[in-house]
Amino acid sequence: MAGHSQFKNIMHRKGAQDAKRAKMFAKLAREITVAAKSGLPDPKQNPRLRNAIINARNENMPNEKIKKAVLKANSNDNSENYLEIRYEGFGNNGIAIIIETLTDNKNRTASEVRSILTKNGGNLGETGSVSFNFKQVGEISFNNCLSDKDDIINFAIENEALDILEERQVLKILCEPNIFGNLRNKLENKFVEPSAAKLVWNPVNLIEVDLNGARNILDIIEALEENDDVQNIYTNVEISETNLKLLSEN
């Protein structure tokens, strides 16, 4: 399980949906702007920007918002400079957490991330304190109901994919980071644009927790997701189907 996709649907049942969508769009726009600023504003010549736009479309972000975020990167009134900072920490039961941020104030972000973890029984660690529990891989996602799904899988394997994961409606192709952009382009050119494409931290070993532990780690993730600077969260937690069902009913 990469990140917390296994129980993302539960998180989406909490809180006001419109507010959450607005916050998500703001984070996607920030990534698009940073990506456009890091290279050319043309997604065909800027792989990171291409990924950011694909991921924004997957979340149904309006095209005008995507264009505005790209234009903002080169506008004269854009004085915001974001730093990419990865934080590593622990939740309850020794669960490892990787938190990727884009921030214009690293002291503020570090303080807020530390506070969220501490309030929920966790703690912020040093860089490298938990990343050994994960492997960074490219993740290219498609609709799992595509008629040519088997052809996509076979093509990905032939082109050095590391693993294929099927999660209900999503087909995920994992690969080494150094071939990520090339494999994404090959798959898109031969089949269809992926629904998502990103570099993720995949857990090497999972830690299963009981119902209370699951509820606690979900509280940590939800609090982190509420932070404007937090872009992505990855954990090595495993929650049983039984506990997932109980959590979804609450």
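Numbers for residues simply follow the sequence, beginning at 1.
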Using side-chain hydrogen bond (donor to acceptor under 3.5 Å, both in side chains) as the criterion, list what pairs up with [X], not counting sequence neighbours.
| X | answer |
| --- | --- |
| Glu193 | Arg50, Arg57 |
| Asp148 | none |
| Asp104 | Arg108 |

query = Mind checking who shares a hydrophobic cluster with Ile152, ILVMFWY linked at side-chain heavy-atom distances under 4.5 Å?
reply =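 Reading the cluster by chain and number, Ile152 sits alongside Ile140, Phe142, Leu146, Ile153, Phe155, Ile157, Ile164, Leu171, Ile173, Phe180, Leu183, Leu187, Phe191, Val192, Leu199.
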
inquiry  = Can you list, by chain and residue number, the hydrophobic cluster partners of Ile179 when the side-chain cut-off is 4.5 Å?
reply    =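 Ile179 shares its hydrophobic cluster with no other residue.
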
At their closest point, which heavy atom of [X] faces which heavy atom of [Y], and how far apart are they?
| X | Y | answer |
| --- | --- | --- |
| Glu88 | Ser129 | OE1-N, 3.0 Å |
| Ala96 | Asn236 | N-OD1, 2.8 Å |
| Glu225 | Lys27 | O-NZ, 2.7 Å |
| Ala69 | Thr33 | O-OG1, 2.8 Å |
| Ser38 | Asn46 | OG-ND2, 4.3 Å |

Is [Y] reachable from [X] through a run of I, L, V, M, F, W or Y residues, each pair having side-chain heavy atoms under 4.5 Å apart?
| X | Y | result |
| --- | --- | --- |
| Ile217 | Leu246 | yes |
| Leu83 | Ile99 | yes |
| Val200 | Ile54 | no |

Flag the pair [X] / [Y] as yes when at least one side-chain heavy-atom distance between them is below 4.5 Å, and no otherwise.
| X | Y | value |
| --- | --- | --- |
| Glu226 | Glu112 | no |
| Leu28 | Lys65 | no |
| Arg168 | Asn144 | no |
| Thr235 | Ile97 | yes |

Donor-acceptor contact below 3.5 Å, side chain [X] vs main chain [Y]:
| X | Y | answer |
| --- | --- | --- |
| Asn120 | Gly122 | no |
| Asn202 | Lys135 | no |
| Ser141 | Ser195 | no |

key: Ile233: which of Ile98, Ile220, Ile221 passes side-chain contact (heavy atoms from CB on, under 4.5 Å)   =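 Exactly one candidate clears the test, Ile221.
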
inquiry  = According to side chain to side chain contact (heavy atoms under 4.5 Å, CB included), who are the partners of Lys119, at least two apart in sequence or on a separate chain?
reply    =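 In terms of side chain to side chain contact (heavy atoms under 4.5 Å, CB included), with neighbours along the sequence ignored, Lys119 is linked to Ser115.
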
ask   = Step by step, would you call Asn212 with Arg215 a side chain to side chain donor-acceptor pair (under 3.5 Å)?
value = CA-CA 5 Å; Asn212 287 333; Arg215 188 176 288 112; 3.3 Å; yes

